Enquirer: 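Have a look at this one before I ask anything.
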Amino acid sequence: MIDKSIHMMDAGMRLFESEKPYGIVLGGIKKEMEGFGKVLRTNEFSDEELPEASSGCDLFLDRSTRYKTKYISCSLEDAGTVGRTADGEEIHRYAASLKEGNKNTNVGIYVSLAMILIWAMLGWLVSDGGVLITLALTAVGIYGAWRTLRPSKDNINVTRRLLDAFNDAR
C-alpha cells in the first residue's frame, strides 16, 4: 500500500541520448531501479494511489523499511531525435526526471521514543538517582532518536546513483 501523505520533491533530471526505442530505455531504467527495491510500472498502479506530486510518473520505486517509508518516482520523456548513427538508426534524446520522498513510520517513532526512555532509565539506575548522569544519558538517547528520525539521506544517494547510471546508459 502506497502512503499518499508523503511529500515528493524534485531529486534531479538527466538528459541522455540512445538509439534504443522508448520501451527498451524504460525497461533499462526499471532494471537499474530494481536493484534498490520494488519497482511498479504505470499499469500496476493508478495515479490516485500515488502521492500528489508523483502522478503521471512512469516508474515508482518503493524502498520502504519497517522504520521509514521511502519512495522514488521516475518520469521518462522522449525529447526528440538528435541525429542518426552510421547504420542509419535515429538517435533519440531522453529526459529522465526523479522525485523522492521519505517519512518516518509509527514503528520508527515509537522505537525512537523507547530509545530515549531506555537511556534515561539507564542513567537513573547507574547513578542511583543522580541528576547529571541521568541528564547526560538522556541527551545520548535524544541524540540517537534525532539521528533515527531525521530525513533519510540514503534516498538522495540512490537518486544520484540512478541519475549517474542514466547518464552512462547508451
Side-chain angles (χ1 to χ4, degrees), residues 1-112 115 144-170:
M1 169 127 177
I2 298 172
D3 185 357
K4 290 180 61 166
S5 67
I6 290 186
H7 297 285
M8 303 290 283
M9 298 186 306
D10 185 31
M13 183 189 80
R14 273 298 186 267
L15 284 173
F16 59 95
E17 298 173 0
S18 177
E19 57 273 348
K20 298 174 182 139
Y22 181 86
I24 302 284
V25 172
L26 189 63
I29 290 174
K30 182 179 186 235
K31 188 72 173 166
E32 282 291 329
M33 292 175 82
E34 282 176 341
F36 300 105
K38 182 181 177 187
V39 180
L40 301 173
R41 292 186 88 145
T42 52
N43 60 351
E44 298 173 33
F45 59 83
S46 68
D47 278 348
E48 292 82 33
E49 296 177 62
L50 296 179
E52 198 173 309
S54 291
S55 61
C57 69
D58 296 309
L59 299 170
F60 192 80
L61 172 62
D62 183 358
R63 347 182 18 251
S64 300
T65 65
R66 191 173 297 179
Y67 306 105
K68 284 206 186 285
T69 304
K70 300 184 274 188
Y71 298 141
I72 298 174
S73 65
C74 177
S75 297
L76 181 68
E77 296 181 33
D78 190 345
T81 58
V82 292
R84 294 193 175 270
T85 64
D87 298 332
E89 295 179 48
E90 287 186 338
I91 300 173
H92 296 272
R93 177 175 285 159
Y94 296 102
S97 302
L98 297 180
K99 292 183 180 181
E100 68 95 12
N102 62 72
K103 173 179 145 180
N104 294 306
T105 63
N106 288 338
V107 172
I109 293 169
Y110 295 143
V111 165
S112 297
M115 187 180 348
W146 171 75
R147 297 269 304 171
T148 305
L149 293 175
R150 68 183 182 165
S152 176
K153 290 186 179 181
D154 71 329
N155 228 21
I156 296 167
N157 294 333
V158 168
T159 58
R160 284 185 189 138
R161 289 176 59 190
L162 286 171
L163 289 172
D164 290 342
F166 299 163
N167 205 34
D168 297 338
R170 294 286 166 201

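Since this is a predicted model, take the numbers as computed values, not measurements.
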Enquirer: How far apart are the C-alpha atoms of I156 and R160, what are their side-chain angles, what is the distance that settles it, and do they pass the side-chain contact (heavy atoms from CB on, under 4.5 Å) test?
Expert: CA-CA 6 Å; I156 296 167; R160 284 185 189 138; 3.7 Å; yes
Enquirer: Counting N and O atoms only, with roles assigned by atom type, does the side chain of D87 sit under 3.5 Å from a partner on the main chain of E89, one being a donor and the other an acceptor?
Expert: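 No, the answer is negative, given that no donor and acceptor are paired below the 3.5 Å cut-off.
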Enquirer: Rounded to the nearest 0.5 Å, what separates atom CD in E44 from atom OG1 in T42?
Expert: 8.5 Å
Enquirer: Under the rule for salt bridge (Lys or Arg N to Asp or Glu O under 4.0 Å), what residues qualify as partners of E90, not counting sequence neighbours?
Expert: R84
Enquirer: Just jot down the side-chain hydrogen bond (donor to acceptor under 3.5 Å, both in side chains) partners of D10, sequence neighbours excluded, or say none.
Expert: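 Once residues adjacent in sequence are excluded, D10 has no partner under the side-chain hydrogen bond (donor to acceptor under 3.5 Å, both in side chains) criterion.
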Enquirer: Taking all atoms of both residues into account, what is the closest heavy-atom pair of Y71 and I2, and its distance?
Expert: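 Taking every non-hydrogen atom into account, OH-CA, 3.4 Å.
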Enquirer: Below 4.5 Å, heavy atoms only, C-beta onward: do L59 and R41 meet side chain to side chain?
Expert: yes
Enquirer: Mind listing the closest non-hydrogen atom pair of Y94 and P21 along with its distance?
Expert: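 What the structure gives for the nearest pair is OH-C, 3.3 Å.
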Enquirer: Of the non-hydrogen atoms in H92 and E19, which two are nearest, and what is the gap between them?
Expert: CD2-O, 4.4 Å
Enquirer: Sequence neighbours left out, what passes side-chain hydrogen bond (donor to acceptor under 3.5 Å, both in side chains) with Y22? Give chain and number order.
Expert: D58
Enquirer: Apply side-chain contact (heavy atoms from CB on, under 4.5 Å) to the pair D62 and L40, showing each step before the final yes or no.
Expert: CA-CA 8 Å; D62 183 358; L40 301 173; 5.9 Å; no
Enquirer: Looking at CD of E100 and OG1 of T159, how far apart are the two atoms once the value is rounded to the nearest 0.5 Å?
Expert: 6.0 Å
Enquirer: Nearest 0.5 Å, what's the CG-CG distance between L61 and N155?
Expert: 7.5 Å
Enquirer: Identify the heavy atoms of L15 and A95 that sit nearest to each other, and give their distance.
Expert: CD2-CB, 3.6 Å
Enquirer: Any side-chain heavy-atom pair from K99 and C57 closer than 4.5 angstrom?
Expert: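 No. Closest side-chain heavy atoms not under 4.5 Å.
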Enquirer: Show your reasoning for whether side-chain contact (heavy atoms from CB on, under 4.5 Å) applies to T148 and Y67.
Expert: CA-CA 9 Å; T148 305; Y67 306 105; 5.7 Å; no
Enquirer: Could you tell me which non-hydrogen atom of L163 sits nearest to which non-hydrogen atom of G12, and how far apart they are?
Expert: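 So the two residues come closest at CD1-CA, 3.9 Å.
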Enquirer: Can you measure from CG (L76) to CD1 (I29) and round to the nearest 0.5 angstrom?
Expert: 4.5 Å
Enquirer: Can you check whether R66's main-chain N or O pairs, donor with acceptor, with T105's side chain at less than 3.5 Å?
Expert: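 It does hold such a pair.
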Enquirer: Grab the two heavy atoms, one from E32 and one from A165, that are nearest each other, plus how far apart they are.
Expert: OE1-CB, 3.5 Å
Enquirer: Would a distance-only check, ignoring hydrogens and angles, find a side-chain to backbone donor-acceptor pair under 3.5 Å from N104 to L149?
Expert: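 Such a contact is found between N104 side chain and L149 backbone.
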Enquirer: Any sub-3.5 Å donor-acceptor pair from K68's side-chain atoms to P151's backbone N or O?
Expert: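 No, because the side chain of K68 does not come within donor-acceptor range (under 3.5 Å) of the backbone of P151.
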Enquirer: Taking atom CD1 as the centre, does I24 end up with more than 12 heavy-atom neighbours from other residues, nucleotides or ligands that are less than 6.0 angstrom away?
Expert: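 No, CD1 of I24 has 12 or fewer neighbouring heavy atoms, counting only those of other groups under 6.0 Å.
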Enquirer: Would a distance-only check, ignoring hydrogens and angles, find a side-chain to backbone donor-acceptor pair under 3.5 Å from T69 to N102?
Expert: no
Enquirer: Within this structure, what is the OG-CZ distance for the pair S18 and F166, rounded to the nearest 0.5 Å?
Expert: 13.0 Å
Enquirer: Mind checking the OG-CG spacing from S73 to L50? Nearest 0.5 Å is all I need.
Expert: 8.0 Å
Enquirer: Between S64 (side chain only) and K70 (backbone N and O only), is there a donor and an acceptor less than 3.5 Å apart?
Expert: yes
